[in-house]
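What follows is a short report on a single structure.
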Amino acid sequence: MLYTFLVKIVNPFLTLINGRARIYNRENLPDGNYIIVAPHRTWMDPVLLALAVWPKKFSFMAKKELFKNPIAGWFLRALNAYPVDRKHPGPSAIKTPVKFLRNGDLSTIIFPSGSRYSAKLKGGATLIAKLANVPLVPAVYQGPLKFGQLFTRKPRKIAFGKPIYVDRKKKLNEEYEAELENEMQTAFDDLDKQIDPSFVYVMPPKPKDDDF
């Protein structure tokens with residue numbers, strides 16, 4: 001209920017200050033549940049991606065530190081977020097999203113790099129997709145990276161690629177994992193070029209207090 005309430009507030013607000021988001025290839029979104037995988041470029045990524053596919057609803061991974069405050073923790077859980085220890089992810093980092101994907105109507109969003117300060121893809125999303133038997137949907141975001149930049153009216157642009165299906169009959173070994181990661185990265189590059197052939201993402205410097 002809180003999820004829907006916030007969408008009804010946030011979406012009109014963003015349209016007011018920044019204009020309507022430009023969405024490319026929405027027809028690539030499959031029926032049923034799926035995992036959106038995307039490069040992590042701004043703290044706003046989860047919100048902007050979720051708004052782009054509304055009324056489909058999502059669950060979210062969030063670093064466990066955000067749940068330390070009881071009020072913040074309640075708020076995040078009401079938005080279908082669940083805590084993950086980024087440095088030492090336990091079995092719940094896999095089991096929780098698989099449960100959401102299998103047993104309800106919530107899809108999920110995963111940033112394979114795990115951080116805005118890294119471009120290296122990691123394997124969690126592919127394992128979750130295999131166990132839940134859902135496709136990966138590549139996506140990219142181009143636009144303002146900070147909240148204040150939204151007021152410049154630089155448009156928000158989001159593109160979705162064709163679903164990537166993980167073969168459940170194949171062992172998810174190092175070789176197959178590398179194949180899937182290469183497919184994701186190729187899709188990210190192609191989508192960036194589709195939106196803007198001259199686009200170059202400049203990764204921000206990693207904060208000193210971020211040891212992930």
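Throughout, numbering of the chain's residues begins at 1 and tracks the sequence.
- Leu49 and Leu66 are not part of a single hydrophobic cluster, where members link through side-chain heavy atoms under 4.5 Å apart.
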Query raised in the report: Does the pair Arg41 and Asp192 meet the rule for a salt bridge (Lys or Arg N to Asp or Glu O under 4.0 Å), with working shown?
Result: CA-CA 13 Å; Arg41 292 174 175 169; Asp192 272 328; 2.6 Å; yes
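- When all heavy atoms are compared, the tightest approach of Val10 to Val47 is CG1-CG1, 4.3 Å.
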Report task. Could you please spell out the steps behind the side-chain contact (heavy atoms from CB on, under 4.5 Å) verdict for Lys57 and Thr4? Result -> CA-CA 9 Å; Lys57 294 182 180 179; Thr4 301; 3.1 Å; yes
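- You'll find the side chain of Glu177 stays beyond 4.5 Å of the side chain of Asn173, heavy atoms only.
- Residues Gln185 and Asp189 bring a donor and an acceptor atom of their side chains to less than 3.5 Å of each other.
- Results of the side-chain contact (heavy atoms from CB on, under 4.5 Å) test with Tyr24 over Val140, Ile195, Ile158, Leu191 single out Ile195 as the only residue that passes.
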Query raised in the report: Could you go step by step and tell me if Asn18 and Arg153 meet the side chain to side chain donor-acceptor pair (under 3.5 Å) rule?
Result: CA-CA 5 Å; Asn18 186 252; Arg153 304 292 288 187; over 6 Å; no
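- Side chains of Asn33 and Lys56: a donor-acceptor N/O pair is present below 3.5 angstrom, by distance only.
- The OG atom of Ser107 sits 11.0 Å away from atom CG of Asn80, with the distance rounded to the nearest 0.5 Å.
- Between the side chain of Arg168 and the backbone N or O of Lys130 there is at least one donor-acceptor pair closer than 3.5 Å.
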Requested in this report: Check the pair Glu179, Glu174 against side-chain contact (heavy atoms from CB on, under 4.5 Å), reporting the backbone distance first and the verdict last.
Outcome: CA-CA 9 Å; Glu179 180 184 326; Glu174 188 174 332; over 6 Å; no
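- Linking Ile, Leu, Val, Met, Phe, Trp and Tyr whenever their side-chain heavy atoms come within less than 4.5 Å leaves Leu76 and Ile71 in two separate clusters.
- Taking each heavy atom of Ala125 and Ile35 in turn, the nearest pair found is O-CD1, 3.9 Å.
- For the atom pair Leu127 CG and Leu131 CG, the distance stands at 4.5 Å (nearest 0.5 Å).
- From Ile164, atom CD1 reaches atom OH of Tyr34 across 14.5 Å, with rounding to the nearest 0.5 Å.
- The closest donor-acceptor contact from the side chain of Asn25 to the backbone of Asn28 lies at 3.5 Å or more, if one exists at all.
- Of all non-hydrogen atoms in Phe160 and Arg26, the two that sit nearest each other are CD1-CA, 4.3 Å.
- In this structure, Ala78 and Leu2 approach most closely via the heavy-atom pair CB-CD2, 3.4 Å.
- Tyr3 and Phe58 have their aromatic ring centers separated by at least 6.0 angstrom.
- Under a 3.5 Å cut-off, the side chain of Thr96 and the backbone N or O of Ala93 do not form any donor-acceptor pair.
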Query - CA sep, side-chain torsions, deciding dist, call: Leu150, Met44, side-chain contact (heavy atoms from CB on, under 4.5 Å) - result: CA-CA 11 Å; Leu150 291 168; Met44 299 184 291; 4.0 Å; yes
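- Expressed to the nearest 0.5 Å, how far CG of Asp196 lies from NZ of Lys157 amounts to 6.0 Å.
- Side chain of Gln194 to main chain of Asp190: no donor-acceptor pair is present (N/O by atom type, distance under 3.5 Å, no hydrogens or angles).
- Proximity of Tyr201 to Leu145: side-chain heavy atoms (C-beta onward) are separated by under 4.5 Å at one or more points.
- Here the options are Phe67, Phe60, Phe100, the test is ring pair (Phe, Tyr, Trp, His ring centres under 6.0 Å), and the partner is Tyr82; only Phe100 passes.
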Report task. Step by step, work out the side-chain contact (heavy atoms from CB on, under 4.5 Å) result for Arg156 and Tyr141. Result -> CA-CA 7 Å; Arg156 293 162 286 133; Tyr141 166 75; 3.8 Å; yes
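- Relative orientation of the Phe13 and Phe151 rings is perpendicular, given thresholds of 30° and 60° on the angle between their planes.
- When all heavy atoms of Lys64 and Pro83 are compared, the closest pair comes out as CA-CB, 4.0 Å.
- Using a 4.5 Å cut-off between side-chain heavy atoms of Ile, Leu, Val, Met, Phe, Trp and Tyr, with links allowed through other members, Tyr165 and Leu101 fall into different hydrophobic clusters.
- Between the side chain of Thr108 and the backbone N or O of Ser59 there is at least one donor-acceptor pair closer than 3.5 Å.
- The heavy-atom pair separating Met61 from Ile110 by the smallest distance is CE-CD1, 4.3 Å.
- Linking Ile, Leu, Val, Met, Phe, Trp and Tyr residues whenever their side-chain heavy atoms come within less than 4.5 Å places Trp54 and Val137 in a single cluster.
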